[in-house]
Structures are given as C-alpha cells and as structure tokens.
Amino acid sequence: MSDRQRDDADQGVAIEADGRRVLLKWHKLRRAASEPPFAIANLPAGLALGASMEIDVRLIADGNWICLHDDVLDEETDGKGPVAELDTTAARRLHIAGASYPPPLLTDMTAAVAAAPASDACLQLDLKEPAATLTEAGVARFAEAIAPVADRCLLSGTEYDAVTRLAAGIPGLRVGFDPCDMAETRDLTSRAAMAAFIDEVFAIAPEANAFYLYHRFVSAALRLGINPLETLKQNGAMIDVWTLDPDTPGGRDSLADAIGAGADQITTNDPPGLARLWAGG
C-alpha cells in the first residue's frame with residue numbers, strides 16, 4: 001500500500017480496490033459514526049482532503065434552505081413540527097439532536113466552500129424536497145446560494161424533475177438521480193423486470209453525472225445476473241452505492257458486491273471504519 005493509499009484510508013477519503021481508488025462519501029458530513037450530522041466544522045477538512053461529502057437540503061418557509069433529512073423537526077433537532085413552517089430566525093434557534101450547533105443553512109455551507117482553497121472535493125446536495133413543494137422564491141434562493149460554488153457541488157434527488165428544475169440556469173452544477181423511490185413501487189424479483197427497470201432509470205436521466213443506488217438493490221440485481229452499473233455508466237456517470245457502515249448486516253459482502261460491480265463511491269457514516277473493514281476482509 002502506498003503512502004497516499006494509507007492516508008486515504010486513515011482519513012476516510014478512499015479505499016484501494018482492484019487497482020481502483022473508490023471514494024468514501026461522508027454521509028451527512030460525518031467523519032465518524034459517533035458524530036452528529038451536518039457538522040459544518042468537518043467541511044474545511046473534507047475540502048482540503050479532496051473528500052466526497054453529502055448534506056441533505058430542505059426548503060423552509062421564507063425561501064431559504066436548511067440541512068435536514070426529515071420533513072419534521074422532532075427527531076433531528078430539539079424542535080417540533082414541520083420543517084416547511086420554519087423561517088430563518090426560528091431555524092437559528094434550533095439545535096441538532098445531540099449537538100450544540102443549529103442545523104446549518106445552505107448558505108452557511110456554500111460560504112464555507114467558497115472560503116476554502118480549490119480542491120477535487122465534491123459536496124453533494126441530496127434534495128429532500130419534492131417537485132410539488134418547490135417555490136419560485138426557493139428556486140431563486142437556491143441559485144443564489146449555489147452559483148458561486150456550483151463547480152464544486154452536485155445536486156441529486158429521488159425526483160429527477162425537481163433536481164433539473166433547481167439546477168437549470170446554474171452553470172457548472174452537476175446533477176444526479178437516485179431511483180430508490182421508484183424501485184420500492186416495483187416487483188423486481190425477475191431478471192426481465194430488473195433489466196427493464198434499469199433501462200427505465202437510465203432513460204429518465206441519460207445526461208446525469210451520477211446515479212445513487214441502494215446497496216441491497218445492487219446485490220439483488222447481481223444475484224439475478226445483472227450488473228446495473230454497466231447500463232448506468234454508459235454515458236460516463238459516476239456510481240455511488242449507499243449506505244454501508246461497518247455494522248451494516250452483511251456489510252462486508254455488500255461492500256464487495258458494490259466494488260466488484262464497479263462502484264466509484266460508497267456512502268458511509270463511518271469512513272475510516274469502513275476502510276478498516278475493507279482492509280481486514
């Protein structure tokens with residue numbers, strides 16, 4: 001193992017597998033499993049290391065965007081009620097559960113990105129807002145926040161029309177698609193059904209820069225004799241497989257499936273821990 005490969009693994013940035021460098025994405029900006037989510041203090045380090053990082057984004061009432069996964073505040077913060085009813089002032093008074101800081105606004109994150117030296121790092125914005133709830137103010141605020149750092153970001157989501165609406169008119173912003181919601185509505189137990197579904201996913205977003213695939217979906221397709229990554233990579237898209245941690249049941253096998261299939265990136269809440277799992281496998 002080279003010094004760079006060792007540093008990548010120790011820092012939770014990447015693992016070496018089959019002669020390839022596979023990135024480890026910091027899920028919800030976590031560098032370790034014990035950390036609360038969306039710690040903006042981790043962002044400068046990730047940018048300096050060239051890490052792949054992810055935050056969830058939701059729209060609030062005054063058109064700003066906040067880093068939260070759920071549509072209600074009750075489990076992720078010390079607040080209660082719908083996220084959509086928040087305004088910026090109220091959001092600043094909240095605290096992330098188990099942390100002393102408030103859920104960051106998207107503008108907080110993009111300001112930190114703009115202040116950092118250039119690097120190969122990518123900040124993925126995982127859109128948790130459905131297309132039906134996007135407002136003109138929200139679309140405009142999103143563009144204002146992202147435009148200065150668009151070339152260092154990637155916007156993805158489970159509703160590709162919402163992703164493309166937000167990304168329109170923002171030069172340099174890459175886009176991605178996660179078909180997990182679609183998959184939940186289908187019977188994918190036969191080879192023919194799985195193959196048709198993967199073709200459908202590609203047809204929805206042939207120009208996508210990235211596809212995000214649930215690890216169980218990837219393993220299920222492989223068991224049917226289909227590698228979904230081959231179809232989805234045909235136009236050069238990056239493939240991320242989510243979410244694998246050292247304590248994920250069957251995680252070592254799922255990790256081997258993902259890497260063997262050609263995954264470019266693995267989403268994890270414990271990047272150094274997953275690197276150790278792979279090294280010890």
- T248 (side chain) donor-acceptor with D245 (main chain) under 3.5 angstrom: yes
- Item | Any donor-acceptor pair under 3.5 Å from E76 side chain to L73 backbone | no
- Task: Compare all side-chain heavy atoms of S254 with those of S219 and state whether any distance is below 4.5 angstrom.
- Result: yes
- Item | D264 (side chain) donor-acceptor with I239 (main chain) under 3.5 angstrom | yes
- Message: Main chain of T88, side chain of D62: is a donor-acceptor contact present, judged purely on distance under 3.5 Å?
- Response: yes
- Task: Begin from the C-alpha positions of S119 and R152 and carry the test side chain to side chain contact (heavy atoms under 4.5 Å, CB included) through to its verdict.
- Result: CA-CA 8 Å; S119 78; R152 305 178 75 172; 3.7 Å; yes
- Message: Checking S156 against Q124 for the side chain to side chain donor-acceptor pair (under 3.5 Å) test, could you report, in this order, the C-alpha distance in whole Å, the side-chain angles of both residues, the deciding distance, and whether it holds?
- Response: CA-CA 7 Å; S156 67; Q124 177 200 347; 2.7 Å; yes
- So, does D253 use its side chain to make a donor-acceptor pair with the main chain of G250 at under 3.5 Å? no
- Note on the structure: Between the CD atom in E35 and the CH2 atom in W26, the distance rounded to the nearest 0.5 Å is 8.5 Å
- Message: Within this structure, what is the CD1-CG distance for the pair I170 and D151, rounded to the nearest 0.5 Å?
- Response: 12.0 Å
- Side-chain contact test, heavy atoms from C-beta onward, threshold under 4.5 Å: evaluate it for L222 versus N227 and give yes or no. yes
- Task: Starting at OG of S52, measure out to NE2 of H27 and round the result to the nearest 0.5 Å.
- Result: 11.5 Å
- Message: Using the rule that Ile, Leu, Val, Met, Phe, Trp and Tyr join whenever any side-chain heavy atoms are under 4.5 Å apart, tell me whether L59 and V72 fall into a single cluster.
- Response: no
- Do other residues, nucleotides or ligands put more than 12 heavy atoms under 6.0 Å from the CD atom of E75? no
- Message: Looking at every heavy atom in both K233 and G262, which two are closest together, and how far apart are they?
- Response: NZ-O, 2.6 Å
- Do T231 and I226 come close enough that some side-chain heavy atom pair is under 4.5 Å? no
- Query: Looking only at side chains, do T189 and D187 share a donor and an acceptor under 3.5 Å apart?
  - Reply: yes
- Does the side chain of Y212 come within less than 4.5 Å of K25's, by heavy atoms? yes
- Less than 4.5 Å apart, any side-chain heavy atom of V13 and any of R21? yes
- Query: Are D178 and W242 close enough that a side-chain donor and a side-chain acceptor fall under 3.5 Å?
  - Reply: yes
- Query: So, for P148 and E144, which heavy atoms are closest and what is the spacing to 0.1 Å?
  - Reply: CD-O, 3.4 Å
- May I have the step-by-step check of side chain to side chain contact (heavy atoms under 4.5 Å, CB included) for C67 and D56, ending in yes or no? CA-CA 5 Å; C67 295; D56 298 315; over 6 Å; no
- Task: Would you sort out whether I60 and D87 count as a side chain to side chain contact (heavy atoms under 4.5 Å, CB included), showing the intermediate values?
- Result: CA-CA 6 Å; I60 60 176; D87 61 21; 5.6 Å; no
- Message: Within this structure, what is the NZ-CG distance for the pair K128 and D126, rounded to the nearest 0.5 Å?
- Response: 3.5 Å
- Locate the shortest heavy-atom distance separating I266 from A258; write the atom from each residue and the value. CD1-CB, 3.8 Å
- Query: Parallel under 30°, tilted from 30 to 60°, perpendicular over 60°: which one fits the rings of Y160 and F177?
  - Reply: tilted
- Under the 3.5 angstrom rule, does the side chain of W278 hit a backbone N or O of E16 as a donor-acceptor pair? yes
- Message: Just so I know, are the side chains of F217 and P179 near enough to count as touching, which here means a heavy-atom distance under 4.5 Å?
- Response: no
- For L166 and L155, work out which heavy atoms get closest and say how close. CB-CD2, 3.6 Å
- Intermediate values then yes/no, salt bridge (charged side-chain N to carboxylate O under 4.0 Å, His left out), R30 and D270: CA-CA 7 Å; R30 286 189 177 103; D270 187 359; over 6 Å; no
- Quick check: does any side chain N or O of D181 sit under 3.5 Å from a backbone N or O of T158, one acting as donor and the other as acceptor? no
- Query: Just by modelled atom types, is the A145 backbone N or O under 3.5 Å from a matching donor or acceptor in the T110 side chain?
  - Reply: yes
- Message: Taking atom CD as the centre, does E207 end up with more than 12 heavy-atom neighbours from other residues, nucleotides or ligands that are less than 6.0 angstrom away?
- Response: yes
- Can you name the closest pair of heavy atoms from W65 and G138 and give their distance? NE1-O, 2.9 Å
- salt bridge (charged side-chain N to carboxylate O under 4.0 Å, His left out) between R92 and D108, intermediate numbers included: CA-CA 11 Å; R92 295 290 194 197; D108 300 329; 2.8 Å; yes
- Message: With heavy-atom distances below 4.5 Å as the criterion, would you say the side chains of L123 and I55 are in contact?
- Response: yes
- Query: Is a side-chain N or O of T268 found less than 3.5 angstrom from the main chain of L244, in a donor-acceptor match?
  - Reply: yes
- Query: More than 12 heavy atoms of other residues, nucleotides or ligands under 6.0 Å from CG of D120: is that the case?
  - Reply: no
- Query: Does a side-chain N-to-carboxylate-O contact under 4.0 Å join R58 and D71?
  - Reply: no
- Message: As a quick check of understanding, evaluate side chain to side chain contact (heavy atoms under 4.5 Å, CB included) for H215 and L255, giving each step before the final call.
- Response: CA-CA 8 Å; H215 71 91; L255 183 59; over 6 Å; no
- Note on the structure: CD of E136 to CG of L134, rounded to nearest 0.5 Å, is 11.0 Å
- Query: Donor-acceptor pair, T133 side chain versus E129 backbone, under 3.5 Å?
  - Reply: no
- Where do V22 and A17 come nearest, in terms of heavy atoms and distance? CG2-CB, 4.3 Å
- Query: Do N64 and R141 meet the criterion of a side-chain donor-acceptor pair at a distance under 3.5 Å?
  - Reply: yes
- Are Q11 and R31 linked by a side-chain donor-acceptor pair shorter than 3.5 Å? yes
- Can you check whether L125 reaches M109 side chain to side chain, under 4.5 Å on heavy atoms? no
- Distance from L68 atom CG to T77 atom OG1, nearest 0.5 Å? 6.5 Å
- When you check the side-chain N and O atoms of T267 and D240, is any donor under 3.5 Å from an acceptor? yes
